Amino acid sequence: MLAGPAPTDREPYPLALGCLKAYADAQAGLKHRVSVALASYPLDPPAPDAVAADLLSRAPDLVGFSCYVWNFEFVSQVAPRIRFLRPGVKVVLGGPHASALPEECLRRGLADFVVRGEGEETFAELLERLACGAAAEDVPGLAWLDRGRPVVNPDRPSLSDLDRLPCPYRAGVLRPDPGYGGYVALETCRGCPHDCAFCTWTQKNRVRFFSAERVLATAKRLVEAAPKAVFFVTDSDFFLRPDRAKAILSGLRRLGRGNSAEWSFECHPSRVDKELARLADWDRFRFAVGVESLAPRTLRLAHRPCDLERLKSRYRLFRRSAPRARIHIQLMLGLPGDTAGVFVRGLDWALSSKPDLVDVFRLQLLPGTLFRRGAADLGIRFDRKPPFKVRSTPLFPERDVERAAYTTFIVSFLWSCPAVRKALAAVLSGRKGRLSWVAACEAIASRLESSGSLSLAEVYRRWLRSDGRQANPITVTWPMEVDRSGQLAVLRAAAGTLRGLGSPAVSGRADAILAEAAGRLFLNAVLEGPDARAALACLGFGPSASERTLVVGWKHGRPMPSFGPGEAVVLLTDSARREVPAVPRPPELAEVDLGMTDGPGRLAAVLGSDLRGFDRVVLVAAASFLARPERVRLFGSLRAGARSSARLLVAEALPGPGRPGLAAMLQDAAEAGWEALAAPVSLETGSALRPGQPGGALLLSLGKAGRGR
C-alpha cells in the first residue's frame with residue numbers, strides 16, 4: 001500500500017507513487033506475486049489515528065509514504081502508529097525529505113527502510129526480495145537498520161533511458177477526475193543542471209529527458225481525461241533545450257482545441273529567443289521565471305551565478321513577444337548575502353517588469369541542502385521544525401526579515417486587485433524616482449491604516465493565524481481576505497494616494513480605472529440587496545415561469561437574482577485584463593472574450609443569433625464597458641435579433657469618471673431603436689459601502705421604439 005498525504009482532499013495521488021506502482025506492475029517477476037495499491041489522504045484536518053487505522057484495515061504487508069517538507073510531520077505521526085499497532089507490517093519511506101535524512105528517519109523508528117533518490121528500481125527490487133523472503137540489505141539506494149544501527153547503502157546509478165519507464169497515466173495507474181480543475185504533475189525530464197544551495201532536487205548536475213513524442217502522447221491522454229486541469233510540468237528549467245521546448249509547446253497548442261486545460265512551467269529566460277517566445281504566446285501557458293535575487297554576491301553564495309543583464313534583456317524579450325502568456329517572476333526572501341534594501345530593489349524591479357504575478361518564497365533550510373549543512377558557518381538562523389523558514393542572516397536581521405515579509409504581503413494583496421494594479425501601472429510606469437512600486441503599495445496601506453476603514457496589518461495577522469505560517473510563496477487574493485466594504489476602502493485609498501502623482505491625463509486614467517472597479521462592486525451590492533428584487537419586479541423583470549430571459553454578465557461577477565426556469569446566460573471575460581476568475585454558474589449559451597480584437601463583434605453576433613426565443617434580455621455592466629460605437633452596435637444587434645415585444649434591462653453602476661452617464665446611455669439606446677418603458681431606477685448602497693463618491697446602481701427598462709404600448 002502506497003499512501004500519499006496530500007494538501008487537499010481533491011489533490012490527485014502524487015506522481016511519484018504512481019511511477020512506483022506503474023514500474024512494479026510492469027515487472028514480470030512481481031506482477032503475479034505482489035499487488036500494489038494507492039491511497040490518498042488530506043492533510044487538513046490532520047487525523048493520523050484515522051489514517052493509520054484506515055491503512056491497516058486494508059491488511060497490507062507493507063506501507064510506503066512519499067515524504068516532502070509539507071507532509072513529513074504528518075507522516076512522522078502516522079508511520080510509528082502503524083509500526084506499533086501492526087509490528088509485522090513493513091514501513092518504507094521515500095521522497096526528497098526522507099532521502100535527505102535516511103538515518104534520522106530510521107533512528108526515530110519511523111520506518112524499516114528508506115528508498116533514496118530515484119525510486120522505481122530500488123522499490124521494485126525491495127518488493128521482490130521481501131516477496132520471496134530474501135535479504136534486502138544489499139539493495140543499492142536503500143537505507144535500513146542493522147541491529148538498531150542505520151546503514152546507508154551505496155547510491156543506485158540513475159536511469160539513463162527514461163522512455164523505458166512505464167507512464168502511470170497511460171498505464172491507467174493514475175486517472176485524473178474529468179471535472180478536476182487543480183494541478184496534475186507531468187514529467188518531461190529528470191534531474192537539474194544546477195547545484196543551488198537552497199534546493200533538494202535529486203540528480204543534480206545530470207539531466208535526462210523523456211522523448212518529446214512520449215511527452216506529447218502522455219499530454220494527449222491527460223487532456224482527454226481531465227480537460228479542465230492545470231498540468232504542472234515538473235522540469236527544473238523547461239527551456240534548458242530550446243529546440244525540444246519549441247517542439248513540445250507546438251504540440252501542446254495543437255492539443256488545445258475543445259478543452260480548457262492549462263500548462264504551467266518552471267523556466268529561466270536566459271535561453272529565450274524570438275521563436276520560443278512566439279510559441280509561448282498563449283493565454284493557457286504559465287511560466288514561472290526563477291530570478292531569486294538581483295545581487296551577484298547573493299547568487300554566488302546560492303551557487304546560482306548568472307549574467308543579470310542578459311537575464312533582464314531576455315526577460316524583456318520574453319514579455320514583449322509573449323504578451324498573452326501568464327508570466328510569474330520568482331524571488332526569494334532571506335537569502336544569505338541579501339539585505340532588506342537589496343530585496344526591496346529586486347521586488348521593485350519585478351513589479352515594474354509587467355509580470356502577471358510576483359511569487360516571493362521565504363528561504364527554507366531544507367534537509368540535505370548546502371545552506372542547511374553550512375547554516376552555522378553562514379550565520380543563518382531558522383525554524384527547526386518544518387517548513388524550516390529562515391529567521392535571520394548576518395546582513396538580514398530578524399526584524400527586517402519579518403518587515404520584508406509583511407511588505408511582500410501588502411504588495412501581493414494589492415497586486416491581486418486588477419484595478420489597483422492597473423492604476424499603479426498607469427501612474428508609475430516610466431517614472432524615475434519619487435515613488436517606487438513598493439513605496440506606492442506601502443503608502444496605500446498607510447492611508448488605509450490612518451483612515452480607520454481597513455487595517456492591512458490586522459488582515460496580515462489574521463492570514464498568519466490561518467495558513468500564512470505554512471504558505472510559500474507569500475501570495476494572497478484580496479477578495480478572499482476582506483469583504484466588499486474593505487475592497488471599496490482599498491480602492492478609495494489607492495485613488496487618494498495616486499491622485500496628482502502624474503499628469504492630469506495619467507491621474508484621470510487611474511481615477512477612471514478605480515472608479516470602474518468601485519462601480520462594479522456597487523452594482524453587485526445593490527443587485528444582491530433587499531431592494532433589488534422589488535425594483536426588478538416594478539420594471540417587469542421579476543421571476544417568470546412563462547417568459548424566457550437572457551442574462552449577459554461578467555464571468556467574475558456574481559449572477560443576478562434568478563429570473564426563472566427559462567433563463568440562459570452569456571458570460572463575459574476579458575483576457576487582456578486577466579479578469580477571468582471562477583465561473584459562478586455554467587453558461588448555457590456562450591462565453592465571449594471582450595479582450596480579443598473581435599470581442600465586441602463576437603458578443604453582438606452571439607446575442608443577435610440567439611435572441612429570437614427570448615422575451616427579456618438583461619445586460620449587467622456590459623454596455624458601459626464598450627466604447628460608444630461598439631455600444632450602439634451592441635444595442636442595434638439586440639434590437640435586430642429580439643422579438644418585437646422583447647424588453648431590455650440595462651443594469652449599470654452610477655456614472656463615474658470615464659463612464660457614460662444616463663443621458664448618454666439613453667441616447668445610444670435610442671440611436672439603435674430602443675426607448676424607455678419606465679423611468680430609470682436608482683438604487684443607493686448602504687453607507688458602509690460608500691468610497692467617498694456617489695455610489696449605487698442604475699436600472700434602465702427599454703423596449704423597441706414604436707412598438708406601441
Side-chain angles (χ1 to χ4, degrees), residues 67-73 75-76 93 95-111 114 116-117 143 149-152 154-155 192 194-205 236 290-306 330-344 346 360-406 408 464 468-474:
C67 301
Y68 303 84
V69 66
W70 46 265
N71 72 4
F72 185 70
E73 285 295 293
V75 171
S76 66
L93 302 185
H97 197 96
S99 293
L101 299 172
E103 294 170 296
E104 179 182 324
C105 292
L106 295 169
R107 195 177 291 115
R108 288 177 56 186
L110 303 184
V114 174
R116 298 165 42 246
R149 181 178 62 87
V151 178
V152 179
D155 294 342
C192 180
H194 309 295
D195 191 22
C196 300
F198 49 78
C199 181
T200 59
W201 205 292
T202 57
Q203 303 295 330
K204 290 183 177 181
N205 299 315
S236 61
V291 175
E292 324 311 350
S293 172
L294 293 186
R297 179 175 181 271
T298 299
L299 294 174
R300 286 196 298 272
L301 285 173
H303 291 208
R304 182 97 184 231
C306 72
Q330 296 180 332
L331 299 175
M332 296 193 76
L333 167 60
L335 285 169
D338 267 0
T339 64
V342 168
F343 171 76
V344 169
V360 176
F361 293 82
R362 188 159 172 172
L363 175 65
Q364 296 170 299
L365 272 289
L366 300 175
T369 62
L370 294 174
F371 276 156
R372 178 67 170 262
R373 293 198 294 269
D377 294 336
L378 291 168
I380 305 174
R381 294 178 56 247
F382 63 98
D383 294 333
R384 295 292 170 170
K385 290 185 177 181
F388 310 113
K389 290 186 178 180
V390 67
R391 302 210 62 81
S392 67
T393 70
L395 297 178
F396 216 150
E398 184 170 351
R399 189 172 76 171
D400 288 353
V401 170
E402 295 303 327
R403 174 65 192 178
Y406 175 53
T408 300
L464 286 177
R469 289 290 180 191
Q470 299 295 320
N472 210 2
I474 304 173

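These numbers were taken from a predicted model, which means no experiment stands behind them.
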Do the side chain of Gln364 and the main chain of Pro387 share a donor and acceptor less than 3.5 angstrom apart? yes

Report yes or no: does Asn71 contribute a side-chain atom to a donor-acceptor pair with the main-chain N or O of Tyr68 at less than 3.5 Å? yes

Determine the minimum heavy-atom distance between Pro394 and Gly379, stating which atoms define it. CD-O, 3.4 Å

In Å and rounded to the nearest 0.5 Å, what is the OG to CZ distance from Ser76 to Arg108? 5.0 Å

Can you tell me if Arg116 uses its side chain to pair, donor with acceptor, with the backbone of Ala143 under 3.5 Å? no

Looking only at heavy atoms, the pair that brings Thr393 and Gly334 closest together is CG2-O, 3.5 Å

Is the shortest heavy-atom distance from the side chain of Phe371 to the side chain of Leu378 under 4.5 Å? yes

Heavy-atom side-chain proximity of Glu292 to Leu335 below 4.5 angstrom: yes

Only one of Lys389, Arg403, Arg391 passes salt bridge (Lys or Arg N to Asp or Glu O under 4.0 Å) with Glu398, and that residue is Arg391

Hey, are Lys385 and Glu73 close enough for a salt bridge, meaning a charged N less than 4.0 Å from a carboxylate O? no

Side-chain heavy-atom pair Val360, Phe343 within 4.5 angstrom cut-off: yes

What are the two closest non-hydrogen atoms of Pro336 and Thr298, and how far apart are they? O-CG2, 3.5 Å

Atom NE2 in His303, atom SG in Cys199: separation rounded to 0.5 Å? 13.0 Å

Would you say the side-chain atoms of Arg362 pair up with the backbone N or O of Val390, donor to acceptor, closer than 3.5 Å? yes

Using modelled atom types only, decide if a donor and an acceptor are shared between the side chain of Thr408 and the backbone of Ala404 within a distance under 3.5 Å. yes

With heavy-atom distances below 4.5 Å as the criterion, would you say the side chains of Val69 and Phe388 are in contact? yes

Taking all non-hydrogen atoms of both residues into account, name the closest pair between Leu365 and Ala375 and its distance. CD1-CB, 4.4 Å

If you round to the nearest 0.5 Å, how far is CZ of Arg372 from CG of Leu366? 8.0 Å

Look up atom SG in Cys105 and atom NE2 in His97, then write down how far apart they are to the nearest 0.5 Å. 6.5 Å

With a 4.5 Å limit on heavy-atom distance, are the side chains of Leu370 and Asp195 in contact? yes

Within the 4.5 Å heavy-atom criterion, are Val291 and Leu331 side-chain neighbours or not? yes

From Leu93 atom CG to Phe72 atom CZ, the distance as rounded to the nearest 0.5 Å: 7.0 Å

Close side-chain approach of Val75 and Leu110, heavy atoms under 4.5 Å: no

Nearest non-hydrogen partners of Pro150 and Arg107, listed with the distance: CG-NH2, 4.0 Å

Is the charged tip of Arg384 near the ring of Phe382: under 6.0 Å from the six-membered ring centre and within 45° of its axis? yes

Distance-only, no hydrogens or angles: does the Arg304 side chain make a donor-acceptor pair with backbone N or O of Leu299 under 3.5 Å? no

Output, in order, the C-alpha distance, side-chain angles, deciding distance and verdict of side chain to side chain contact (heavy atoms under 4.5 Å, CB included) for Val342 and Phe396. CA-CA 10 Å; Val342 168; Phe396 216 150; over 6 Å; no

Is there side-chain contact between Arg373 and Thr369, with heavy atoms separated by less than 4.5 Å? no

In short, Val152 meets Glu103 closest at the heavy-atom pair CG2-CG, 3.7 Å

Taking Ser99 for its side chain and Gly117 for its backbone only, find out whether a donor-acceptor pair lies under 3.5 Å. yes

Under the side chain to side chain contact (heavy atoms under 4.5 Å, CB included) criterion, do Arg149 and Val151 qualify, and how do the steps go? CA-CA 6 Å; Arg149 181 178 62 87; Val151 178; 3.9 Å; yes

